[in-house]
Amino acid sequence: MSHDGRSGRERPGTGATGRPYRPMASDYSGPGVEAELTGVIGGGEAGYDTLYTARASSTGGRSGRVRTDDGLLDLEMRAPEQLGGPGGASNPEQLMAAAYAACFHSSLTLVAGQEGVDTTGASVDTAVELRRRGRRDDYVIGVDVTVHLPEVDPRLAGHIAERAHAHCPYSKALLGNVDVGLHLA
């Protein structure tokens with residue numbers, strides 16, 4: 001189903017542009033790429049239609065809980081030992097690393113499929129770093145993304161990884177704001 005950005009209602013059987021859905025292609029890697037495959041692009045803010053909105057709430061910050069509105073994610077949060085906390089629970093950097101890895105992998109699968117490349121055995125590892133400058137409260141995030149395409153020629157794998165990076169919504173959101181290193185394993 002698509003989301004009608006103007007009315008907030010879903011319109012079954014059509015994309016946000018009113019066109020019928022096309023069958024999913026063989027390189028389909030999950031609901032996150034549905035818009036790419038159905039041509040649901042245009043309209044909305046800056047030319048994009050809202051397809052899905054995730055909502056979460058935090059109580060207590062690094063010493064509390066995070067919950068999604070649907071209850072599927074409900075985690076205790078604790079600062080890691082490296083930041084002087086007790087550790088033993090999730091933290092914001094872990095959540096970002098997990099989300100970015102999953103999103104990037106979906107983009108990798110999509111662009112590899114467009115190139116006719118099989119991604120069986122592929123994986124994406126992310127490392128999210130909390131960085132501080134000096135002793136002030138001047139913090140930034142740094143990210144390293146490592147793409148594993150074990151059955152793909154390294155030059156082609158590099159090309160696919162770069163295309164996935166250009167396609168991935170998380171990569172786009174971080175562009176110009178976060179130092180992101182892209183690597184092949």
Side-chain angles (χ1 to χ4, degrees), residues 1-3 15-16 21 24-41 44 48-58 62 65-78 80 87-131 140-152 156-185:
M1 288 190 182
S2 68
H3 184 271
Y21 283 132
M24 292 297 117
S26 61
D27 61 348
Y28 178 68
S29 60
V33 296
E34 185 173 319
E36 184 79 20
L37 298 173
T38 59
V40 179
I41 299 175
Y48 291 92
D49 290 322
T50 299
L51 301 176
Y52 170 73
T53 300
R55 289 180 172 48
S57 179
S58 168
R62 289 184 181 272
R65 293 197 82 73
V66 292
R67 292 180 181 96
T68 55
D69 63 345
D70 60 8
L72 292 176
L73 184 70
D74 185 352
L75 298 172
E76 181 178 355
M77 303 294 285
R78 291 191 197 146
S90 294
N91 61 65
E93 292 75 28
Q94 288 176 328
L95 297 177
M96 182 177 177
Y100 196 1
C103 187
F104 196 101
H105 198 155
S106 290
S107 293
L108 182 75
T109 301
L110 177 73
V111 300
Q114 292 170 343
E115 299 266 345
V117 174
D118 182 11
T119 57
T120 301
S123 64
V124 175
D125 297 331
T126 57
V128 173
E129 300 175 338
L130 179 62
R131 300 175 181 167
V140 296
I141 295 291
V143 179
D144 276 312
V145 177
T146 303
V147 175
H148 303 265
L149 285 167
E151 303 299 320
V152 180
L156 180 57
H159 169 73
I160 291 168
E162 289 289 338
R163 281 195 59 212
H165 189 46
H167 180 273
C168 175
Y170 273 72
S171 293
K172 290 177 186 179
L174 300 176
L175 184 65
N177 297 310
V178 174
D179 181 23
V180 177
L182 180 60
H183 315 279
L184 284 178

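Side chains included, hydrogens not; waters and symmetry mates left out as well; all remaining heavy atoms used.
Here the straight-line distance linking atom CE of Met77 with atom CG of Leu95 works out to 4.5 Å at 0.5 Å rounding. Taken to the nearest 0.5 Å, the CG atom of Asn177 stands 12.0 Å off from the CD1 atom of Ile141.
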Task: Criterion side-chain contact (heavy atoms from CB on, under 4.5 Å) on Gln114 and Val111, from CA distance to verdict - done: CA-CA 5 Å; Gln114 292 170 343; Val111 300; 4.0 Å; yes
Open item on the list: With side-chain contact (heavy atoms from CB on, under 4.5 Å) as the criterion, how do Leu174 and Met96 come out once you've worked through the C-alpha distance, each side chain's angles and the decisive distance to 0.1 Å?
Closed with: CA-CA 12 Å; Leu174 300 176; Met96 182 177 177; 3.8 Å; yes
- [ ] Could you check Thr119 against Leu149 for side-chain contact (heavy atoms from CB on, under 4.5 Å), going step by step and ending with a plain yes or no?
- [x] CA-CA 7 Å; Thr119 57; Leu149 285 167; 4.2 Å; yes
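In summary, of the residues considered (Leu182, Val128, Leu108), a side-chain contact (heavy atoms from CB on, under 4.5 Å) with Val145 occurs for Leu182 alone.
In this pair, Tyr100 and Tyr170 present their aromatic rings parallel. The plane angle is below 30°, not in the 30 to 60° band.
Arg67 places no side-chain N or O within 3.5 Å of a backbone atom of Ser57 that could act as its donor or acceptor partner. A donor-acceptor pair under 3.5 Å is formed between the side chain of Gln94 and the backbone N or O of Asn91. Side-chain atoms of Thr68 come within 3.5 Å of backbone atoms of Leu73 as a donor-acceptor pair (strictly under, hydrogens ignored).
Listed by chain and residue number, nothing satisfies the side chain to side chain contact (heavy atoms under 4.5 Å, CB included) test with Glu151 (two or more places apart in sequence, or in another chain).
Pairing each heavy atom of Pro169 with each of Ser107, the nearest pair is CD-OG, 4.0 Å. When all heavy atoms of Phe104 and His165 are compared, the closest pair comes out as CE1-CA, 3.6 Å. Closest heavy-atom contact between Ala122 and His105: O-CE1, 3.3 Å. The minimum heavy-atom distance linking Thr146 with Leu184 is given by the pair CG2-C, 4.3 Å. Taking every heavy atom of both residues into account, Gly142 and Val178 meet most closely at CA-CG1, 4.1 Å. Across all non-hydrogen atoms, the minimal contact from Pro80 to Arg62 is CD-NH1, 4.2 Å.
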